[in-house]
2 protein chains.
Amino acid sequence: MQRMASPLPPSHQPAGSAAGNAAPVFSPLYQQIKALITRGLQSGEWKPGEIIPSEAELAVRFGVSQGTVRKAIDELAAENLLIRRQGRGTFVSTHHEEQVKFRFLRLVPDGEPGQTLRMERQFLACHRIRATADVARTLGIKPGDMVLEIRRILRMGGEPVVYEDIYLQSASFRGLTAERLERYQGPLYALFESEFGTRMVRAEEKIRAVNAGEQEAELLKVPAGQALLSVERLSFSYGDQPVELRRGLYSTAHHYYRNALS
Amino acid sequence: MQRMASPLPPSHQPAGSAAGNAAPVFSPLYQQIKALITRGLQSGEWKPGEIIPSEAELAVRFGVSQGTVRKAIDELAAENLLIRRQGRGTFVSTHHEEQVKFRFLRLVPDGEPGQTLRMERQFLACHRIRATADVARTLGIKPGDMVLEIRRILRMGGEPVVYEDIYLQSASFRGLTAERLERYQGPLYALFESEFGTRMVRAEEKIRAVNAGEQEAELLKVPAGQALLSVERLSFSYGDQPVELRRGLYSTAHHYYRNALS
DNA sequence: CAGTGGTCTAGACCACTCC
DNA sequence: GAGTGGTCTAGACCACTGG
């Protein structure tokens with residue numbers, strides 16, 4: 001493999017000897033390896049939770065040194081796409097892990113330390129509708145295309161805390177029904193990843209404070225006008241493709257949204 | 001330098017030959033280097049904005065290979081303590097940089113793209129008071145110890161957007177006066193770092209939605225009861241020492257709090 | 001025990017910055 | 001051109017996991 005822009009012939013090329021003619025732009029070898037591994041993840045060659053080939057094996061396959069593969073994997077691990085486990089191997093990240101849950105669930109109960117927060121879910125709706133203009137734009141589809149809308153309430157310790165509207169590209173989630181949602185225990189993202197091959201990798205949120213309307217107040221058992229956290233989340237899968245839009249209202253009477261700036 | 005727990009004799013020790021007797025716990029060499037560099041930052045040997053010695057020089061000084069120094073610096077750069085600049089050197093991070101501002105300023109105007117947001121500040125108070133119990137506990141000082149309290153309003157485009165109460169350990173900020181605050185242009189954190197040797201490295205925030213009280217509503221020019229974002233931020237300096245507590249109210253009528261989950 | 005990732009070294013050359 | 005960080009290689013040994 002040689003230093004180059006985008007295509008990736010499998011020929012080996014020692015670091016020193018540059019190709020005779022000047023090529024336009026070069027990207028480092030380990031970046032190319034990174035892209036190749038990402039492609040393997042995206043294509044489903046290695047599924048969430050599965051092990052990927054060892055560093056040595058990948059080094060042989062790609063015709064580079066183990067150190068170069070290592071640097072590629074290091075970055076993918078830093079981006080939470082892979083997880084290294086010493087003595088065992090490198091695995092594809094999955095939402096089926098206790099540890100990962102708090103990456104996307106930021107609401108914390110007020111009572112300081114590690115409370116075991118048992119959470120109940122109640123699904124209010126799960127149906128297919130035509131995307132409104134703004135939902136379509138955000139998800140990168142055409143206005144009028146079908147989207148799957150899920151409405152739900154989350155309760156922590158019996159108290160309603162989150163009211164959420166979730167929009168998914170209908171095409172990617174064929175067969176997702178209210179009954180399927182009810183039956184599944186665990187995070188939605190785990191269900192999406194296991195049953196529909198869509199893994200959420202990162203997300204962007206826009207957070208505001210809003211006054212509760214009549215309906216919302218009733219659902220969350222708060223007085224009308226109560227200040228609520230409005231969280232609009234756009235989630236991306238491999239390759240920065242937007243696949244889910246959430247509009248949530250959080251009751252922060254007994255919980256707060258935890259954030260780390262670093 | 002050899003693989004060991006905490007103290008760091010400057011003797012060189014090739015990787016293979018372990019010290020004869022089993023020692024209790026070993027930390028990797030690059031972690032020890034990392035700690036040494038951090039100590040240099042903390043002690044002020046290298047100040048924000050300044051350059052630190054080259055990798056080669058540090059390798060000689062610490063008696064390790066350049067690769068080991070590199071790995072230590074890599075991690076410190078990932079933690080935003082250092083910044084690498086190819087061809088120039090490695091520098092201590094500083095708040096005197098356009099690029100860094102958005103790491104701690106999360107409020108974004110609604111009008112989508114890169115608007116130039118000119119921001120005005122108005123200081124309402126800057127005085128020394130005795131710490132209340134909860135402020136003292138959060139800052140890790142004794143109740144009744146003196147703290148510096150700063151109250152201010154931030155306006156973006158003339159519109160009041162943030163009302164903030166800031167608490168600092170009085171001892172670390174001797175000589176900080178209202179007049180000094182008024183005179184200084186730029187982020188507070190830049191002032192703290194230049195004039196008082198305290199650099200904010202990371203922070204934790206607790207975010208809630210609250211209804212505006214009479215006073216707050218008047219200050220932010222919103223109706224009483226208006227939903228506001230309540231942001232409590234605890235900032236840490238080198239060595240995870242808490243040094244600043246902020247309690248802010250954000251008006252999110254025309255701005256939102258941007259967050260990235262990754 | 002074999003196999004994995006984790007650490008460390010030594011040395012090469014490249015890309016960039018500044019004088 | 002000298003000096004910096006950035007990439008890449010090859011090889012060694014360590015620490016951990018599992019059969």
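Residue numbers start from 1 in every chain, and the chains themselves are labelled A, B, ... in the order their sequence lines are given, proteins ahead of strands. Bear in mind the structure is a predicted one, so any value in this text is a computation, not a measurement.
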- Item | Least distance between heavy atoms, A:Tyr167 atom then A:Leu139 atom | O-CD1, 4.1 Å
- What closest approach, in Å, do B:His96 and B:Ala190 show between heavy atoms, and which atom pair accounts for it? NE2-O, 3.3 Å
- Query: Given axes from five pairs at either end, by how many degrees does the helix from C:dC1-D:dG18 to C:dC18-D:dG1 bend, rounded to 10°?
  - Reply: 10°
Got a list of protein N/O to nucleotides 16-19 of chain C N/O distances below 3.5 Å?
residue, atom, partner, partner atom, Å
C:dC16, O4', B:Gln86, OE1, 2.9

- Message: Without decimals, in angstroms, what is the distance between B:Leu58 CG and D:dG3 P?
- Response: 17 Å
- Query: Is B:Arg174 atom CZ crowded by more than 12 heavy atoms from other residues, nucleotides or ligands, each under 6.0 Å away?
  - Reply: no
- Of D:dT4, C:dA10, D:dA10, the nucleotide closest to the side chain of B:Ser54 is D:dT4
- Please assess A:Tyr257 against B:Asn259 for the test side-chain hydrogen bond (donor to acceptor under 3.5 Å, both in side chains), listing each intermediate value before the final yes or no. CA-CA 11 Å; A:Tyr257 181 104; B:Asn259 199 24; 2.8 Å; yes
- Message: Taking atom CD as the centre, does A:Gln241 end up with more than 12 heavy-atom neighbours from other residues, nucleotides or ligands that are less than 6.0 angstrom away?
- Response: no
- Hey, can you tell me if B:Phe173 and B:Phe196 have their rings parallel, tilted or perpendicular (30° and 60° cut-offs)? tilted
- Message: Apply side-chain hydrogen bond (donor to acceptor under 3.5 Å, both in side chains) to residues B:Tyr184 and B:Ser194 and explain how you reach the verdict.
- Response: CA-CA 11 Å; B:Tyr184 188 84; B:Ser194 305; 4.5 Å; no
- Whole-Å gap separating C1' (C:dT7) and CD1 (B:Ile33): 13 Å
- Query: In whole angstrom, what separates B:Lys71's NZ from D:dC8's P?
  - Reply: 17 Å
- Note on the structure: A:Gln66 CD to C:dT9 C1', in whole Å, measures 15 Å
- Message: Categorize A:Arg70 for me: base, sugar-phosphate, or nothing, with a 4.0 angstrom heavy-atom threshold over every strand shown.
- Response: base
- Note on the structure: Rounded to whole Å, the CD1-P distance (B:Ile37 to D:dG5) equals 11 Å
- Among C:dC8, D:dT9, C:dT9, find the nucleotide with the atom closest to the side chain of A:Ser65. D:dT9
- Query: Starting at CD1 of B:Ile51 and ending at C1' of D:dG5, how long is that distance when rounded to a whole Å?
  - Reply: 10 Å
- Message: Please determine whether a side-chain nitrogen or oxygen atom of B:Thr68 lies at a distance below 4.0 Å from atom OP1 or OP2 of C:dC8.
- Response: no
- Note on the structure: Closest non-hydrogen atoms of A:Pro48 and A:Ser93, given as atom of the first, atom of the second and distance, are CB-O, 3.5 Å
- Pick from A:Thr68, A:Leu36, A:Val69: which one makes a side chain to side chain contact (heavy atoms under 4.5 Å, CB included) with A:Leu58? A:Val69
- Query: Among the nucleotides D:dC8, D:dT9, C:dC8, which one has an atom lying closest to any side-chain atom of A:Val64?
  - Reply: D:dT9
- Comparing A:Gln31 and B:Pro53 on DNA chain D - which has the more 5′ nearest nucleotide: B:Pro53
- Message: If I take atom CZ in residue A:Arg85 and atom C1' in nucleotide D:dT17, what distance separates them, rounded to the nearest angstrom?
- Response: 12 Å
- Find the distance B:Leu29:CG to D:dA15:P and express it as a whole number of Å. 12 Å
